[in-house]
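The next block holds one structure in the form of structure tokens; read it before the comments.
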Amino acid sequence: MKIPNFLGGEWRTPSGVELLPVRDPASGEALAEVPMSRASDVDDAVRAAQRAFPEWRATPAVERARVLFRLKALLDEHKDELARLLTREHGKNVAETRGEIQRGIENVEHACGVPSLMMGETLEDVARGIDCEAIRQPLGVFGVITPYNFPVMIPLWFWPYAVATGNTVVLKPSEQDPLTHQKVVELASRAGLPPGVLNVVHGGREVVEAITDHPAIVGVSFVGSSEVARIVYARAGAAGKRVQALGGAKNHMIVLPDADPQVVQDAVVSSVFGSAGQRCLAGSVVVGVGEAYEPMRERLLTGAAALRMGHGLEDGVDMGPVISARHRERVIDFIDQGEREGASVLMDGRGVQVQDYPDGHWIGPTVLEGVRPDMTVGQEEIFGPVMGLTRVESLEDALTLLEGSRYGNATSLFTTSGRAAREFRYRAGISMIGINIGVAAPMAFFPFGGSKGSFFGDLKAQGKDGIEFFTDRRVVISRW
Ligand code: NAD
């Protein structure tokens with residue numbers, strides 16, 4: 001099956017372009033082919049979006065919200081089918097894909113509140129007989145570019161807010177797993193989203209550059225690696241657009257001696273190995289403070305050893321494969337390099353195979369001890385099922401580690417001390433903080449995004465920031 005683009009309400013397969021296979025990463029089964037569309041396809045999509053804008057903008061906010069209410073109901077109805085398809089193209093287990101879809105639905109729910117969320121402010125008599133009002137208006141066509149690791153949820157961090165506020169959108173999903181979101185687009189159409197309001201162009205770098213450069217696109221939302229986020233931020237910014245670009249991460253999890261050991265074991269193991277480590281909020285380096293270190297290491301090894309690998313559609317599977325053979329090689333290179341740089345491999349997932357799935361991109365849970373900040377595995381994002389362990393002597397030392405990290409996405413502290421928790425949140429300098437929580441994922445009504453090398457821009461995804469990003473606050477001063 002060739003995956004079509006969605007332009008002006010019609011499914012269209014671009015001809016004469018390269019096609020890449022979309023495969024089940026556990027079985028290797030070919031599921032579909034995705035077109036590497038051209039800049040001219042982006043141009044067609046932008047024209048469709050421009051044509052749809054005036055009528056959609058004039059549609060009252062309550063009516064735009066009603067389309068999203070219907071979409072929410074359809075997503076609920078199809079949740080299971082979407083989760084199973086997502087497991088097939090991504091590899092994570094069905095509990096994880098259900099969770100992802102639920103998080104996506106919550107963004108649709110939040111965007112349904114647009115009549116209130118989009119309200120402005122007024123003040124009478126800013127001078128005698130003169131009134132002032134600040135209103136929010138949509139801006140036009142937005143570009144949305146998303147990564148492979150949450151291919152349903154991440155597009156829903158953006159486009160529901162963009163269309164709720166009256167804009168139109170050109171979306172470029174990840175070319176690695178674009179199938180399930182196609183169904184979401186189909187459901188949005190069934191919910192009554194008019195032709196041209198949401199357009200989808202599949203592809204890679206050429207499509208991204210056409211979006212960042214297109215003179216009729218007013219803003220770009222991007223999520224992916226920091227390397228590409230930085231490029232997109234610079235390039236779209238230079239073209240005069242507003243940009244929010246969310247990048248990669250290297251998340252530290254700090255364990256104090258007074259932490260509850262069972263909470264640490266459950267939260268850290270699932271943070272590091274959930275989704276085979278392919279989450280921007282995944283724990284990467286676990287930092288045991290003082291005497292916390294040794295018992296913590298034993299428990300984490302026990303927790304990691306109990307994980308069952310397999311096809312995510314099978315019952316009882318904790319961990320699926322990573323997305324591709326290329327990504328598997330990359331993760332294994334990191335483990336090799338960690339070993340060369342002096343880390344001890346306490347648990348080695350490099351040779352793991354899963355019965356009945358010889359073509360799967362498997363890497364078993366891997367634990368490296370003695371990970372220092374000057375090592376590649378102590379600094380770089382690995383994005384696989386690899387836990388680094390390190391010991392420091394105090395909370396102060398742990399904070400110094402965070403300060404030295406190039407990334408600022410997420411961090412967690414495990415403690416039963418309110419005072420330590422307060423000190424930590426005050427000083428960590430990281431944007432998403434978990435206290436006795438392994439995956440500090442803000443819900444739809446809160447901002448999602450990092451700082452330092454994890455985020456380029458100022459307004460984040462979701463929450464009030466979403467409304468702010470997709471609208472301009474315009475001020476009217478009146479005398480009658
Ligand atoms: P990626 O950067 O390879 O790709 C992201 C998007 O950019 C895709 O649509 C891709 O087609 C496009 N792209 C890739 N290379 C490009 C290039 N050279 N020029 C222009 N466009 C290009 O990221 P990925 O591997 O799909 O996703 C994983 C990354 O995303 C990880 O670094 C992860 O931390 C990050 N991520 C961050 C968050 C967050 O909230 N900060 C959330 C999810 C994922």
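Order of listing sets the numbers, starting from 1, for every ligand and every atom in it. All values derive from a computational prediction rather than experimental measurement.
- In terms of protein heavy-atom proximity, atom 27 (O) of ligand 1 is closest to Pro147 CB, 3.2 Å.
- Counting only N and O atoms by type, the side chains of Gln182 and Glu186 include no donor and acceptor under 3.5 Å apart.
- In this structure, the separation between CD1 on Ile105 and CG on Leu74 is 10.5 Å, given to the nearest 0.5 Å.
- For atom 26 (O) of ligand 1, the nearest non-hydrogen atom of the protein is Tyr148 N, 3.1 Å.
- Ion pair Arg473/Glu468 flagged as a salt bridge, since at least one NZ, NE, NH1 or NH2 atom sits closer than 4.0 Å to an Asp/Glu carboxylate oxygen.
- The contact set between ligand 1 and Ile145, taken as ligand atoms under 4.0 Å from a residue heavy atom, comprises 9 (O).
- Ligand 1 lies less than 4.0 angstrom from a heavy atom belonging to Phe448.
- Among all non-hydrogen protein atoms, the one lying nearest atom 22 (C) of ligand 1 is Val228 CG1, 3.6 Å.
- Below 4.0 Å from some heavy atom of Asn409 lie the following atoms of ligand 1, by number and element: 41 (N).
- For ligand 1, the polar-atom distance check against Glu209 finds no nitrogen or oxygen pair separated by under 3.5 Å.
- Of all the heavy atoms of Val232, none lies under 4.0 Å from any atom of ligand 1, so neither backbone nor side chain is involved.
- Using cut-offs of 30° and 60° for the angle between ring planes, the Tyr357 and His311 rings count as tilted.
- Shortest non-hydrogen contact noted between Phe448 and Leu246 is O-CD2, 3.5 Å.
- Near Phe222, the atoms of ligand 1 lying under 4.0 angstrom from a non-hydrogen atom of the residue are 5 (C), 6 (C), 7 (O).
- If you check which protein heavy atom lies closest to atom 18 (N) of ligand 1, you get Arg205 CD, 3.9 Å.
- Every atom of ligand 1 with a heavy atom of Thr146 under 4.0 Å away is listed here by number and element: 6 (C), 8 (C), 9 (O).
- Nearest-residue assignment for atom 41 (N) of ligand 1 (options Gly247, Ser454, Ser174; heavy-atom criterion): Gly247.
- Ligand 1 places these atoms under 4.0 Å from at least one heavy atom of Ser225: 1 (P), 2 (O), 23 (O), 29 (C), 30 (O), 32 (O).
- A donor and an acceptor atom, one from each side chain of Tyr407 and Asn251, are nowhere located under 3.5 Å apart.
- For atom 4 (O) of ligand 1, the nearest protein heavy atom is 4.0 Å or more away.
- Ring geometry for His110 versus Phe445: interplanar angle over 60°, hence perpendicular rather than tilted (30 to 60°).
- Comparing Gly224, Ala441, Ala461 by heavy-atom distance to atom 35 (C) of ligand 1, the nearest is Gly224.
- With distances taken over non-hydrogen atoms, the option nearest atom 38 (C) of ligand 1 out of Gly450, Ala282, Cys280 is Cys280.
- In Phe150, neither the side chain nor the backbone holds a heavy atom less than 4.0 Å from any atom of ligand 1.
- Within the structure, the closest approach of Ile323 to ligand 1 does not fall below 4.0 Å when heavy atoms are considered.
- Interface of Ile154 with ligand 1, defined as ligand atoms under 4.0 Å from a residue heavy atom, comprises 42 (C), 43 (C).
- Looking at Val208, Asn149, Ile231, it is Val208 that brings a heavy atom closest to atom 21 (N) of ligand 1.
- In summary, Glu29 and Arg88 engage in a salt bridge, as defined by a charged side-chain N under 4.0 Å from a carboxylate O.
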### Task
Please assess Phe470 against Phe158 for the test side-chain contact (heavy atoms from CB on, under 4.5 Å), listing each intermediate value before the final yes or no.
CA-CA 9 Å; Phe470 293 113; Phe158 303 110; 4.1 Å; yes
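- Using a 4.0 Å cut-off between a side-chain N of Lys or Arg and a carboxylate O of Asp or Glu, Asp43 and Arg47 qualify as a salt bridge.
- Proximity of Trp157 to ligand 1 is established by a heavy-atom distance of less than 4.0 Å.
- Heavy-atom minimum distance, Glu341 versus Arg372: O-NH2, 4.1 Å.
- Taking every heavy atom of Glu175 and a limit of under 4.0 angstrom, the matching atoms of ligand 1 come to 10 (C), 11 (O).
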### Task
Report the C-alpha distance between Tyr161 and Asn107 in whole Å, list the side-chain angles of each, state the deciding distance to 0.1 Å, and finish with yes or no for side-chain hydrogen bond (donor to acceptor under 3.5 Å, both in side chains).
CA-CA 8 Å; Tyr161 298 97; Asn107 275 283; 2.7 Å; yes
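- Here's the thing with Glu381: one of its N/O atoms is less than 3.5 angstrom from an N/O atom of ligand 1.
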Under 3.5 Å, which donor-acceptor pairs do the side chains of residues 269-286 form with other protein atoms, sequence neighbours left out?
from	atom 1	to	atom 2	distance (Å)
Ser271	OG	Gly283	N	2.8
Ser271	OG	Gly438	O	2.9
Gln278	OE1	Tyr148	OH	2.7
Gln278	OE1	Ile323	N	3.2
Gln278	NE2	Ser275	O	3.1
Arg279	NH2	Ser270	O	2.7
Ser284	OG	Lys250	NZ	2.9

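- Cation-pi geometry between Lys241 and Phe142 is not met: the NZ or CZ atom fails to fall both under 6.0 Å from the ring centre and inside 45° of the normal.
- By the criterion of a heavy-atom distance under 4.0 Å, the side chain of Phe383, and not its backbone, is placed next to ligand 1.
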